Protein chains: 2
Amino acid sequence: MQESLDNLCDRLRNAGLRPTRQRLSLAELLFGSGDRHVSAEDLHKEALAARVKVSLATVYNTLNQFREAGLLREVAIEGDRTYFDTNTSNHCHFYVEGEGRLIDFPSEGIAVTGLPATPAGTALAGIDVIVRLRPKGV
Amino acid sequence: MQESLDNLCDRLRNAGLRPTRQRLSLAELLFGSGDRHVSAEDLHKEALAARVKVSLATVYNTLNQFREAGLLREVAIEGDRTYFDTNTSNHCHFYVEGEGRLIDFPSEGIAVTGLPATPAGTALAGIDVIVRLRPKGV
DNA sequence: ATTTGTGCAAATCGTTTGCATCTGA
DNA sequence: TCAGATGCAAACGATTTGCACAAAT
């Protein structure tokens, strides 16, 4: 699902964000190669490795702006770091306890049944399924 | 599901934790009245309100010890605070985006189907379902 | 008596913010 | 030109930790 720079430009513009050098570079890293989930620090390291000059603060700001714009979603995982996911639709993660490791898995075929109605005054925004795993033999 | 002090004492002992005044009081608050989920600060305030003398640091330490002992579970929710749940079995939460509000709901009747096999070297520890909600009309 | 827990304050760490400088439209 | 972005460093808030004191076995 490779995206052209022009495409990314439009996506940013549609989100009301100026397509600056930094934002485009980060968007390219994020959306250039399939679904991914990253922490701010991950992305910052990646950007530096790709010779993109960005400060960590800008990475944080950009991730938050992308999230507000609906381009990213925060992953519901406990732990000290915040992870962002480029897949904004409902989906699922394996979470390896003790290691803090997070593994995507495709949500096709997953169904959750028997859910109660949403409380008054709220609308369904999405459903996350976290499959917690324990390393074997520990 | 009221528990006696003796019961709590035994639970702590079985977990390898000395039943100290503070731990017993916190355990009483946590397990004394059905399933609940609290943050460290919540519990600290509650303890103070109940005239239990504990420091916030001890509340943190105690919650972590309880978690390690399997008496509590950390709730998989994004956000700045960590929540602990006295219900250590699989279950579900409503999470109201924007408000950070967390609502338990009973997991009876909930089923998740179509899950892939667990990755090699890991065993299933549990499944969390987070139903994300958006305040209506926002 | 010895080992383990507690309180306090200082240290940590991820994340956010204020402000001066730069850049895209 | 000029609103909006960026970088840096300082600020922040939740959580952890080091150490002297207190309590449990």
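Letters go in sequence order (proteins before strands), and every chain restarts at 1. Owing to the predicted nature of the structure, the values given are computational and were not obtained by experimental measurement.
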Item checked: Those residues that, when tested against A:F94, pass ring pair (Phe, Tyr, Trp, His ring centres under 6.0 Å) (two or more places apart) -> A:F105

Is there any protein nitrogen or oxygen under 3.5 Å from a nitrogen or oxygen in nucleotides 9-13 of chain C, and what are the pairs?
none

Checklist line | With sequence neighbours excluded, residues passing ring pair (Phe, Tyr, Trp, His ring centres under 6.0 Å) with B:H37 | finding: B:H93

Next item on the list: Could you name each residue pair satisfying side chain to side chain donor-acceptor pair (under 3.5 Å) that touches residues 13-22 of chain B, not counting sequence neighbours?
Entry: none

Check: What's the closest nucleotide to the B:S55 side chain, out of C:dC8, D:dA5, C:dT15?
Finding: C:dC8

Next item on the list: Taking only the side-chain nitrogens and oxygens of A:T58, find out if one of them lies under 4.0 Å from OP1 or OP2 of D:dA5.
Entry: no

Checklist line | side-chain N/O B:N64 vs D:dT16 OP1/OP2, d < 4.0 Å | finding: yes

Margin query: Quick check against the 3.5 Å criterion: does A:T86 have a side-chain atom that pairs as donor or acceptor with the backbone of A:R36?
Written below: yes

Are any protein N/O atoms closer than 3.5 Å to N/O atoms in nucleotides 23-25 of chain D? If there are, list each pair with its distance.
unit_1	atom_1	unit_2	atom_2	d
D:dT25	OP1	B:R13	NH1	3.3

Notebook entry, point to check: What's the OH-P distance between A:Y60 and C:dG14, to the nearest Å?
Noted result: 7 Å

Notebook entry, point to check: Hydrophobic cluster mates of B:Y60, side-chain heavy atoms under 4.5 angstrom, ILVMFWY only, any path?
Noted result: B:L56

Next item on the list: Whole angstrom is fine here: how far is it from NZ in B:K53 over to P in C:dC8?
Entry: 6 Å

